[in-house]
Amino acid sequence: MKQIEAIKEFGGWLRRYQHNAISCNCAMTFSVYLPPQAQTQQVPAVYFLSGLTCTDDNVRVKAGAQRYASELGRALVMPDTSPRGNDVADEPDRYDLGQGAGFYVNATQAPWSRHYQMYDYVTKELPALIESELPIIPGLKSITGHSMGGHGALVCALKNPGAYRSVSALAPICHPVQCGWGETCFSAYLGNDRDAWKDYDATELIKAGAQPMNLPIDQGTGDEFLDDQLHPQNLQTAGKAKDFPITLRMQRDYDHSYHFIATFIGEHLAYHAQALEV
């Protein structure tokens with residue numbers, strides 16, 4: 001992997017890299033914040049998955065997460081949200097399909113399947129790469145995310161019991177098989193078999209008997225996408241039916257923006273830092 005940027009922050013380094021991803025069959029960009037503790041020892045990592053239209057740049061600029069990561073001694077890994085490039089399939093007139101909208105699935109349908117393998121990229125290729133090249137403790141990681149990235153974080157953790165010490169989400173898409181964003185991307189990437197979609201849906205995974213783990217979620221009541229796209233109540237209902245420990249905090253008047261993320265990201269990182277104690 002090639003370093004393309006390095007910025008000193010809070011005693012540590014915010015670094016940006018590019019590499020040729022085997023899973024996505026293209027050049028991928030990602031950012032990593034290495035706290036000051038990483039100068040003398042390996043540290044655990046928290047992965048942050050971003051939402052629709054975002055790159056790795058949004059969270060590292062807007063969330064204020066690096067200050068907390070520095071204090072807690074945890075690396076922060078920030079992948080892109082999709083494969084990109086001139087030869088990568090796209091719908092340039094849409095924000096909710098194609099580049100910027102990978103939805104953290106392994107696409108099975110042409111032309112998307114050639115590049116859109118974001119599930120394998122996030123859960124396998126990227127961790128293996130950074131754990132071999134950076135001062136990050138192998139296998140010791142947690143995951144969180146926002147919106148489409150919150151969906152991705154929940155799915156990655158639920159489908160890989162034991163791979164992540166902890167998981168959380170901020171305004172996640174909780175039931176994508178029942179919302180417009182999910183239906184648009186799943187039908188394109190995975191085809192018309194709606195049963196196949198359930199394999200990338202946190203609510204459906206819990207219904208199907210996913211191994212219980214704590215799922216702390218923050219959701220703003222003023223979120224403009226709450227009723228039509230996010231459906232946290234569906235996840236909560238599925239959790240209650242399966243005795244699955246979900247903590248849903250409805251935060252009064254907060255919207256879907258990075259103002260909301262910046263308000264609560266410190267609590268999420270502290271939660272993960274505790275889970276990542278060596």
(request) Verify the neighbour count for atom CD1 of I22: are there more than 12 heavy atoms of other residues, nucleotides or ligands below 6.0 Å? (result) no

(request) Output yes when a side-chain donor or acceptor of H151 lies under 3.5 Å from a complementary backbone atom of F103, and no otherwise. (result) yes

(request) Mark yes or no for whether T203, through its side chain, and C174, through its backbone, hold a donor-acceptor pair below 3.5 Å. (result) yes

(request) Can you label the angle between the F225 ring and the W181 ring as parallel, tilted or perpendicular, going by 30° and 60°? (result) tilted

(message) Could you see if W197 belongs to whatever hydrophobic cluster contains M148? Use Ile, Leu, Val, Met, Phe, Trp, Tyr and a side-chain cutoff under 4.5 Å.
(response) yes

(request) Would you name the heavy atoms of A63 and I261 that are closest together and state the gap between them? (result) CB-CG2, 4.1 Å

(request) Just say parallel, tilted or perpendicular for the rings of Y254 and F260, cut-offs at 30° and 60°. (result) tilted

(message) Pair H256, S147 - check side-chain hydrogen bond (donor to acceptor under 3.5 Å, both in side chains), show working.
(response) CA-CA 8 Å; H256 200 68; S147 193; 2.8 Å; yes

(message) If I take atom CD from residue E9 and atom CG from residue L14, how far apart are they, to the nearest 0.5 angstrom?
(response) 4.5 Å

(message) Using a 3.5 Å distance criterion without hydrogens, assess whether the side chain of Y189 forms a donor-acceptor pair with backbone atoms of G98.
(response) yes

(message) With a 4.5 Å cut-off on side-chain heavy atoms, are E133 and M1 touching?
(response) yes

(request) Identify the heavy atoms of M118 and D80 that sit nearest to each other, and give their distance. (result) CE-O, 3.3 Å

(message) Keeping N160 on the side-chain end and C156 on the backbone end, is there a donor-acceptor pair under 3.5 Å?
(response) yes

(request) Could you check V46 against V77 for side-chain contact (heavy atoms from CB on, under 4.5 Å), going step by step and ending with a plain yes or no? (result) CA-CA 6 Å; V46 179; V77 181; over 6 Å; no

(request) Give a yes or no on whether the backbone of N234 and the side-chain of H175 come within a donor-acceptor separation of less than 3.5 Å. (result) no

(request) Determine the interplanar angle of the Y200 and Y119 rings, folded into 0 to 90°, and report it as parallel if under 30°, tilted if 30 to 60°, perpendicular if over 60°. (result) perpendicular

(request) Verify the distance criterion only: is there a donor paired with an acceptor across the side chains of Q3 and R15 at less than 3.5 Å? (result) yes

(request) Sequence neighbours left out, what pairs pass salt bridge (Lys or Arg N to Asp or Glu O under 4.0 Å) with at least one residue falling in residues 215-226? (result) D218-R249

(message) Let me check something: do Y47 and M213 share a hydrophobic cluster, defined by ILVMFWY side-chain heavy atoms less than 4.5 Å apart, either directly or through other members?
(response) yes

(request) May I have the step-by-step check of side-chain contact (heavy atoms from CB on, under 4.5 Å) for Y17 and K2, ending in yes or no? (result) CA-CA 5 Å; Y17 300 94; K2 177 183 178 182; over 6 Å; no

(message) Under the rule for ring pair (Phe, Tyr, Trp, His ring centres under 6.0 Å), what residues qualify as partners of F244, not counting sequence neighbours?
(response) none

(request) Answer yes when R194 and E183 have at least one side-chain N-carboxylate O distance shorter than 4.0 Å, and no when they do not. (result) yes

(request) Assess whether atom CD of Q274 is packed by more than 12 heavy atoms of other residues, nucleotides or ligands within 6.0 Å. (result) no

(message) Check whether N106 reaches the backbone of Y116 with its side chain - one donor and one acceptor, N or O, closer than 3.5 Å.
(response) no

(message) I'd like to check P172 versus P232 (side-chain heavy atoms, cut-off strictly below 4.5 Å). Are they in contact?
(response) no

(request) Please determine if D195 and K198 form a salt bridge, counting it only when a charged side-chain N lies under 4.0 Å from a carboxylate O. (result) yes

(request) Using modelled atom types only, decide if a donor and an acceptor are shared between the side chain of Q39 and the backbone of G11 within a distance under 3.5 Å. (result) yes

(request) With rounding to the nearest 0.5 Å, note down the distance linking CH2 in W13 to OG in S70. (result) 13.0 Å

(message) Quick check on the 6.0 Å ring-centre criterion: do Y121 and H19 meet it?
(response) yes

(request) For Q251 and Q219, indicate whether the former's side chain and the latter's backbone hold a donor-acceptor pair under 3.5 Å. (result) no

(message) I need the minimum non-hydrogen distance between C185 and D96, along with the two atoms involved.
(response) SG-O, 3.0 Å

(message) For the CG atom of L126 and the CE atom of M78, what is their distance to the nearest 0.5 Å?
(response) 11.0 Å

(request) Identify the heavy atoms of Q99 and S82 that sit nearest to each other, and give their distance. (result) CA-OG, 3.4 Å

(message) Suppose we screen for side chain to side chain contact (heavy atoms under 4.5 Å, CB included). Which residues come up paired with P161, at least two apart in sequence or across chains?
(response) Q211

(request) Find out whether I265 and Y68 are in side-chain contact, i.e. whether some heavy atom of one side chain is under 4.5 Å from a heavy atom of the other. (result) yes

(request) Test side-chain hydrogen bond (donor to acceptor under 3.5 Å, both in side chains) on T81 and S50 and set out the steps. (result) CA-CA 6 Å; T81 56; S50 293; over 6 Å; no

(message) Applying a strict under-4.5 Å side-chain criterion to I, L, V, M, F, W and Y, I'd like to know whether L230 and V167 cluster together.
(response) yes

(message) Is it the case that the side chains of S113 and T108 hold a donor-acceptor pair, with the cut-off being a distance below 3.5 Å and no angle test?
(response) no

(request) Scan T29, D56, D57 and name whichever one has a side chain to side chain donor-acceptor pair (under 3.5 Å) with R16. (result) D56

(request) Look at the side chain of Q66 and the backbone N and O of Y33, then say whether any donor-acceptor pair between them is shorter than 3.5 Å. (result) no

(message) To the nearest 0.5 Å, what is the distance between CG on L72 and CZ on R67?
(response) 12.5 Å

(request) Report the C-alpha distance between I217 and T247 in whole Å, list the side-chain angles of each, state the deciding distance to 0.1 Å, and finish with yes or no for side-chain contact (heavy atoms from CB on, under 4.5 Å). (result) CA-CA 6 Å; I217 295 170; T247 303; over 6 Å; no

(request) Determine the minimum heavy-atom distance between L52 and A101, stating which atoms define it. (result) CD2-CB, 3.4 Å

(request) State the CG-CG distance between L76 and L269, to the nearest 0.5 angstrom. (result) 6.5 Å

(request) Report whether L97 and V177 are members of the same hydrophobic cluster (ILVMFWY, side-chain heavy atoms less than 4.5 Å apart, transitive linking). (result) yes

(request) Answer yes or no: is there an ion pair linking K159 with D199, defined by an N-O contact shorter than 4.0 Å? (result) yes

(request) Please answer: with hydrophobic residues joined when any side-chain heavy atoms are less than 4.5 Å apart, are Y258 and L226 in the same cluster? (result) no

(message) For I246 versus I206, what's the shortest heavy-atom pair and its separation?
(response) CD1-CD1, 4.0 Å

(message) Working note: L276 + R74, criterion side-chain contact (heavy atoms from CB on, under 4.5 Å); need CA distance, chi angles, decisive distance, verdict.
(response) CA-CA 9 Å; L276 291 167; R74 303 295 184 256; 3.7 Å; yes

(request) Determine yes or no for a side-chain-to-main-chain donor-acceptor pair under 3.5 angstrom, with Q41 supplying the side chain and Q37 the backbone. (result) no

(request) Look at the aromatic rings of H268 and H272 and report parallel, tilted or perpendicular, splitting at 30° and 60°. (result) tilted

(message) I'd like to know if E5 pairs up with R60 as an ion pair, taking the criterion as any Lys NZ or Arg NE/NH1/NH2 lying under 4.0 Å from an Asp or Glu carboxylate oxygen.
(response) yes

